[in-house]
Amino acid sequence: MSFSEKQEALVKEAWEIMKEDITTLSLYFFTQVLEIAPAAKGLFSFLKDEEEIPQDNPKLKSHAVKVFKMTCEAAIQLREKGEVVVSGSTLKYLGSVHLQKGIVDAHFAVVKEGVLRTVEKGVGEKWSEEMKGAWSEAYDQLAAAILAEMNKEAAETTDEP
């Protein structure tokens with residue numbers, strides 16, 4: 001599936017709106033992820049020892065902003081290049097970290113649902129099936145790139161003597 005100009009515009013529009021209230025939306029994002037999968041709390045070093053999601057945790061905000069920004073950038077790359085283009089070192093790092101944490105396909109599905117719920121909340125009346133489709137496609141492509149890097153690293157690790 002090619003990523004259309006309209007899809008790219010929808011992702012960019014939502015990101016511009018969400019940036020205005022990213023702190024609140026970051027908290028909402030993590031609340032959604034943990035509502036869907038409470039056990040995921042242990043995957044985040046900045047959450048695993050917390051009883052509740054800390055309202056003022058800068059690592060939490062930083063992580064959520066990275067997820068949204070990378071998804072938005074993935075959308076732009078899909079349109080411009082026809083694939084997700086993340087700098088090699090960043091993608092390698094993401095693959096490595098996700099592999100070390102034991103992340104599997106199901107985890108990406110949980111985060112995707114959290115992203116979609118957060119975008120819906122963040123854009124309010126501008127939310128539409130078209131916007132959902134655009135964010136879904138951008139996130140799926142980014143997740144596929146990270147998974148491919150994870151698989152590559154896992155294969156390299158098993159090849160070592």
Side-chain angles (χ1 to χ4, degrees), residues 1-87 89-91 93-95 97-98 101 103 106-147 149:
M1 170 185 167
S2 66
F3 204 70
S4 72
E5 195 172 325
K6 171 83 172 165
Q7 287 174 307
E8 178 189 19
L10 288 167
V11 170
K12 282 181 172 179
E13 176 185 13
W15 175 238
E16 288 303 315
I17 293 167
M18 292 189 313
K19 284 195 302 193
E20 301 298 317
D21 195 18
I22 198 63
T23 300
T24 301
L25 292 172
S26 298
L27 293 169
Y28 183 80
F29 168 65
F30 275 99
T31 301
Q32 295 308 298
V33 168
L34 297 177
E35 182 179 290
I36 298 163
K41 192 175 182 184
L43 296 171
F44 301 99
S45 61
F46 52 88
L47 290 180
K48 63 180 166 190
D49 295 328
E50 302 286 338
E51 294 219 10
E52 293 182 15
I53 297 175
Q55 300 296 304
D56 57 353
N57 186 317
K59 289 182 179 178
L60 178 143
K61 177 185 171 190
S62 172
H63 189 74
V65 169
K66 283 179 194 166
V67 170
F68 288 115
K69 192 170 184 217
M70 275 193 155
T71 303
C72 185
E73 289 170 353
I76 294 164
Q77 295 300 316
L78 282 172
R79 176 80 181 121
E80 292 176 2
K81 309 242 192 290
E83 64 181 339
V84 171
V85 179
V86 179
S87 77
S89 61
T90 300
L91 196 56
Y93 171 77
L94 288 170
V97 168
H98 284 81
K101 297 269 186 188
I103 303 299
H107 294 123
F108 284 99
V110 168
V111 172
K112 177 182 177 179
E113 182 60 29
V115 165
L116 294 175
R117 289 180 185 185
T118 304
V119 174
E120 181 176 9
K121 178 180 175 62
V123 301
E125 293 178 6
K126 292 192 178 278
W127 181 250
S128 66
E129 283 302 310
E130 266 189 308
M131 186 175 281
K132 178 181 181 181
W135 275 87
S136 290
E137 182 63 23
Y139 180 85
D140 287 348
Q141 293 292 333
L142 177 60
I146 294 169
L147 279 163
E149 191 61 39

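By convention here, the first residue in the shown sequence is residue 1.
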Student: Could you pull out the closest heavy-atom pair between Ala14 and Val119, with the gap in Å?
Tutor: CB-CG1, 4.0 Å
Student: Please round to the nearest 0.5 Å and tell me the distance separating atom CD1 of Ile146 and atom CG of Leu142.
Tutor: 4.0 Å
Student: Could you walk me through whether Phe3 and Gln141 pass the side-chain contact (heavy atoms from CB on, under 4.5 Å) check?
Tutor: CA-CA 10 Å; Phe3 204 70; Gln141 293 292 333; over 6 Å; no
Student: Rounded to the nearest 0.5 Å, how far apart are CE of Met18 and CD of Glu13?
Tutor: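 Taking CE in Met18 and CD in Glu13, the distance rounds to 11.0 Å.
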Student: In Å, rounded to the nearest 0.5 Å, how long is the span from CH2 of Trp135 to OG1 of Thr118?
Tutor: 9.5 Å
Student: Quick one: OG on Ser4 to CD on Glu130, what's the gap to the nearest 0.5 Å?
Tutor: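 Spacing of OG (Ser4) from CD (Glu130) equals 7.5 Å.
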Student: How many angstroms lie between atom CZ of Phe29 and atom NZ of Lys121, to the nearest 0.5 angstrom?
Tutor: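 Here the interatomic distance stands at 15.0 Å.
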Student: Any side-chain to backbone donor/acceptor pair from Ser62 onto Pro58? Under 3.5 Å, distance only.
Tutor: no
Student: Can Arg117 and Glu113 be counted as an ion pair, charged N to O under 4.0 angstrom?
Tutor: yes
Student: Tell me if a side-chain donor or acceptor on Tyr139 pairs with a main-chain N or O of Phe108 at a distance below 3.5 Å.
Tutor: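 Confirmed, Tyr139 side chain pairs with Phe108 backbone.
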Student: Using every non-hydrogen atom in the two residues, find where Met131 and Lys126 come nearest and quote the distance to one decimal.
Tutor: CE-O, 3.9 Å
Student: Determine, step by step, whether Ile22 and Trp15 satisfy the side-chain contact (heavy atoms from CB on, under 4.5 Å) criterion, reporting the C-alpha distance in whole Å, the side-chain angles of both residues, the deciding distance to 0.1 Å, and the verdict.
Tutor: CA-CA 9 Å; Ile22 198 63; Trp15 175 238; 4.0 Å; yes
Student: Looking only at heavy atoms, what is the nearest atom pair of Gly122 and Ile17, with distance?
Tutor: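 What the structure gives for the nearest pair is O-CG2, 3.4 Å.
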Student: For Leu10 and Ala134, which heavy atoms make the closest approach, and how far apart are they?
Tutor: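 Looks like CB-CB, 4.3 Å.
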Student: For Phe30 and His63, take the angle between the two ring planes, folded into 0 to 90°, and tell me which bin it lands in: parallel under 30, tilted 30 to 60, perpendicular over 60.
Tutor: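 Rings of Phe30 and His63: tilted, as their planes differ by 30° to 60°.
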Student: Please round to the nearest 0.5 Å and tell me the distance separating atom CD of Glu20 and atom CG of Leu25.
Tutor: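 Here the rounded value is 10.5 Å.
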Student: Going through the distances and angles, do Lys112 and Val115 end up as a side-chain contact (heavy atoms from CB on, under 4.5 Å)?
Tutor: CA-CA 5 Å; Lys112 177 182 177 179; Val115 165; 5.6 Å; no
Student: Would you say Lys6 has more than 12 foreign heavy atoms packed within less than 6.0 Å of its NZ?
Tutor: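 Counting neighbours around NZ of Lys6, 12 or fewer heavy atoms of other residues, nucleotides or ligands fall under 6.0 Å, so no.
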Student: Do you know which two heavy atoms are closest between Lys41 and Leu34, and how far apart they sit?
Tutor: N-CD2, 3.3 Å
